[in-house]
> 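First, the structure itself, so that you have it in front of you.
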Amino acid sequence: MSDKGYLLKESDLLPLSIGAALLGTGGGGNPYVGMLRARELIRKGAEVRVLPLDALPDDAWVGEVGGIGAPVVGVEKIEEGGECYRAMRAVEETAGVRIAATISAEIGGSNALEPMIAAAYAGLPVIDGDGMGRAFPEVQMTTFFIYGAKAAPAAIADEKGNVVVFKEVIDMFWLETFARGVSVNMGAAAGLAIAPMSMEFVRRAAVPGTVTQALRIGHTVLDARQKRQNVVERVVASTGGKLFFTGKVTDVRRELVGGFARGHAHLTGVGDWAGSEARIAIQNENLVLWVDDVPVIMVPDLIINLELDTGEPITTEVLRYGQRIAVIGLPVHDLMKTPKALEIVGPKAFGYPELTFNPLQPKPVVA
Amino acid sequence: MIRIGIDVGGTNTDAVVMDGATVIAGVKAATTGDVMTGVVNALKAVLEASKLDASAIDVVMIGTTHFTNAVVQRRDLAKTAAVRLGLPATASLPPMVDWPEDLKAAIGGTGYLAHGGNEFDGRVISPLDEKELLGIAEDIKAKGINTIAITSVFSPVTGDFEKQAGEIFARALPGVHITLSSDIGRIGLLERENAAIMNACLRDLSRHVIEAFRKAITETGIKGRFYLTQNDGTLMDAAFAEKFPVLTFASGPTNSMRGAAFLSGVADAIVVDIGGTTSDVGSLHKGFPRQATVAVEVGGVRTNFRMPDVFSIGLGGGSHVVETGDGIKVGPTSVGYRIVSEALIFGGSTLTTSDVVVAAGRAELGDKAKVAHLKPEFIERTQARIMSMLEDCVERSRLSPEPLPVIVVGGGSILVDGPIGGLEVIKPNHFAVANAVGAAIAQVSGEVDRVYALAEIGRDQALADAKDRATEAAVSAGALRSSIEIVDVEDVPLAYLPGNATRVRVKAVGELHVG
């Protein structure tokens, strides 16, 4: 990769959305509509350049944008297109700065695509990195917030032209609360832009290279399918992850707790794991994997469920009896593993006080 | 009541005559290129086998894949205009944005975006603009298009804009066919719009096909009425079917699953329908197929109307059997309907699954001497491979660890011997024509979908009113009042609307009433 990064091609969008779905670790929303929107823009001649973290000077401003609302609304009231872009412009105006590039809060799921769409509108590049290296359910669960990014000014925009600016918000928790409320009034599908961050800060706080990582994973999946190779094996080798279990889903239990569907999936081992049992704690995302009652992967490390035969990522809402899945563990970036980060995104923060985060060990990546 | 059920499949046209709950006769005829010749042949053959006179037949029920095939093969599709109401929302993705280019080209690829649409809670995104719609009507007229699909944002919650726009187009373009998306699909704009567009592009074809079925039936001397079966296993009369051809799309698997339940007397099971080329596997709950919850692709287009959740694999009675370095490979290639000339047992040169079954001594078919050279060890491994393929599908279709039985139907049922994955296998009588039986036993339904203000009348009264209305709708569609059951009740509170507004959907189903 050169300092100038690379241009996203139309043929990159499908692999990007596959990689994003996989890094969604069971959540993050479906990137399908976002992929189509980005494809339309690129077909009309928009250029989206992906820039490495060292490409811009320290004093350049980076804008974090993403969709906010209910996933069920997102598939019905499809975006006008410029929602995130208009929110970003309002933030620029209020902060009195010019944004030089966009960045994603989460590379996992549908929000991987929104910064590229806003970038296409603005004629700006997008930064090769994000604030999670995966997907998490709330605005404040980003490395940006964990390492001190400001919440305000922020702005939320709808398809009709309404833009609401949050001029002063004391922290990201308040921003999450206010933005949720406004997004419902806007019809539960809107674009959110958060306070511009300096490039110097982003270089320290962002999980680097995740756009490229998602792309590479997607290309690997498609290539393996085309060559009729074992998709799961190829994904494991090319991500530096490890296969922790293969099994059949024998039970899925869910209950509504605090607005989130929480629950467990039980697996009975097949192949090398015949005779073993596993359990996955799920919320929007996969949180903890136990094999024979021993916790082996836990948040913030990535727990990825792939359909055993096709390698298709399985989201937590479609998990059901009889599916045969491979469970892959992938170490999250070091920025997500500091004591400060674990307070927000560690197992205790997700309701597992008895678990002490035991990180996965990275393995070499096989190209 | 004497009825005939017909299932027009890609390979075979199956027909049965039933007297009440008894199957009098069942036949298989080859599906013909023009479809109708095959239907006439099947009708004549089944009448002959039943020894009944054509005048004895009260009613004919037809399940057909004709419309599905038209989309898959991109033939006989009308130029269609897709009009979407929702601006300024949805502007980022025009209609048909995710269609295969050849299908889009086949129907002209004409799409329009206009104002309208609702929020999830019923609020208006923007008011309808009559002038804008009249301008679109002008353009549609200039392009010589005579069928329109109208889709409005959140129309499954509030369908008024679609109706109003439909009336505007009907006045401006007399004689034009109009499909409203809320009549067909659920929430999920692109998928529902796609289903509506597909329905619209089949409207010219549906008139011809319905007319041809009518002619085929009259030709055999049958005076009774005829119906088409739809995705949910219920009937629609000819006039309705002409308007909603898309609702027949998945009637094939539905009919075979309903037939399997009827013939076996088992209402909760996994059904495996083995044809010549593929096996369809689905799960049966209280006698009805379980519905798919995610988008289903038809002809390369994602749609979301209610279809049975059926999993298909390339395994059938005509599947090729090949020894490879990795072991034995069965399917997905198949000799299909050419099995009668290409399989070894029929003097052909292709080794198929049917050959292996005959060699194993499990079926009397063709000339057994022609497969005498197959080694017992090879036969055994092939059978094991077939059973493991079926076991995988059955596993995927199971919803719980409950040990449900597996009902095996279809012409390729000879492939199955003994339990699948430890589950009991039932092969009912007449298994080869289960889909035609499913068509013959199809019932009549009536549905309501209304919003009630519960602050005014209360939930119990609202549900009672909806059930009455659904029952009346079923009766007026031809159901016998005493047989009507309420099979589906759904009430969804609509947030942010005054008066505790709740959307109530009720479906009533009953036996067809004749006379």
Side-chain angles (χ1 to χ4, degrees), chain A residues 14 30 32-41 43-44 69-86 113 117 120-121 158-162 184-191 228 248-252 266 268 270 307-310 315 317-318 320-324, chain B residues 84 86-95 97-99 113 115 117-126 151-157 181 185-193 270 281 283 290 293-295 302 304 309 311 313 326 392-402 421 495-496:
Chain A
L14 179 63
N30 188 336
Y32 182 71
V33 168
M35 178 197 77
L36 291 178
R37 286 165 56 214
R39 192 175 79 183
E40 286 297 287
L41 290 170
R43 283 183 180 174
K44 282 179 191 145
V72 64
V73 173
V75 298
E76 177 68 27
K77 188 175 78 164
I78 290 165
E79 290 86 341
E80 178 272 336
E83 286 87 341
C84 281
Y85 170 73
R86 285 191 293 275
L113 274 306
I117 292 162
Y121 268 75
D158 69 11
E159 77 284 357
K160 302 176 185 74
N162 295 305
V184 169
N185 286 316
M186 287 179 162
R228 299 187 180 280
K248 193 183 114 172
V249 181
T250 48
D251 195 18
V252 183
H266 291 263
T268 300
V270 299
E307 215 264 333
L308 198 53
D309 297 329
T310 60
T315 58
E317 67 259 34
V318 303
R320 61 177 172 81
Y321 179 89
Q323 279 168 339
R324 283 143 47 98
Chain B
R84 188 197 299 159
L87 285 180
T90 81
S92 58
L93 294 180
V97 66
D98 57 350
W99 284 42
L113 291 169
H115 287 80
N118 295 83
E119 303 283 4
F120 69 96
D121 53 11
R123 285 177 293 160
V124 170
I125 293 174
S126 56
T151 308
S152 182
V153 176
F154 276 111
S155 62
V157 175
S181 82
R186 292 169 285 164
I187 285 176
L189 183 87
L190 293 181
E191 291 83 4
R192 185 176 72 253
E193 179 177 73
I270 306 295
V281 184
S283 126
R290 196 171 64 96
T293 50
V294 292
R302 288 156 62 101
N304 74 352
D309 191 4
F311 182 79
I313 55 160
D326 293 339
D392 272 1
C393 296
V394 167
E395 277 302 321
R396 285 181 201 215
S397 295
R398 285 175 81 182
L399 289 176
S400 77
E402 295 286 305
Y496 305 97

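Excluded from the calculations below are hydrogen atoms, water molecules and symmetry mates; all remaining heavy atoms, backbone and side chain alike, are included. The sequence lines fix the lettering, A, B, ..., with proteins before strands; numbering per chain opens at 1.
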> Need one label for B:Leu87: side chain, backbone, both or neither, based on atoms under 4.5 Å from any heavy atom in chain A.
neither
> Which bit of B:Ser126 is near chain A, if near means a heavy-atom gap under 4.5 Å: side chain, backbone, both or neither?
neither
> List for me each residue that meets side chain to side chain contact (heavy atoms under 4.5 Å, CB included) alongside A:Glu79, sequence neighbours excluded, and say none if there are none.
A:Val33, A:Arg37, A:Glu83, A:Glu114, B:Ser92
> Kindly write out the residues that satisfy side chain to side chain contact (heavy atoms under 4.5 Å, CB included) with A:Tyr121, not counting sequence neighbours, or none if the list is empty.
A:Leu41, A:Tyr85, A:Ile117
> When you measure from the side chain of A:Arg39 to the backbone of A:Gly34, do you find a donor-acceptor pair of N or O atoms at a distance under 3.5 Å?
no
> Taking A:Gln323, A:Lys160, A:Met186 one by one, which has the highest count of heavy-atom pairs under 4.5 Å against chain B?
A:Lys160
> Need one label for B:Asp392: side chain, backbone, both or neither, based on atoms under 4.5 Å from any heavy atom in chain A.
side chain
> Is it the backbone or the side chain of B:Ser152 that comes under 4.5 Å from a heavy atom of chain A, or both, or neither?
backbone
> State, without any angle test, whether B:Arg192 and B:Ser181 hold a side-chain donor-acceptor pair at a distance under 3.5 Å.
yes
> Is it the backbone or the side chain of A:Glu40 that comes under 4.5 Å from a heavy atom of chain B, or both, or neither?
side chain
> Using modelled atom types and a 3.5 Å cut-off, is there a donor and acceptor pairing between side-chain atoms of B:Glu119 and backbone atoms of B:Asp121?
no
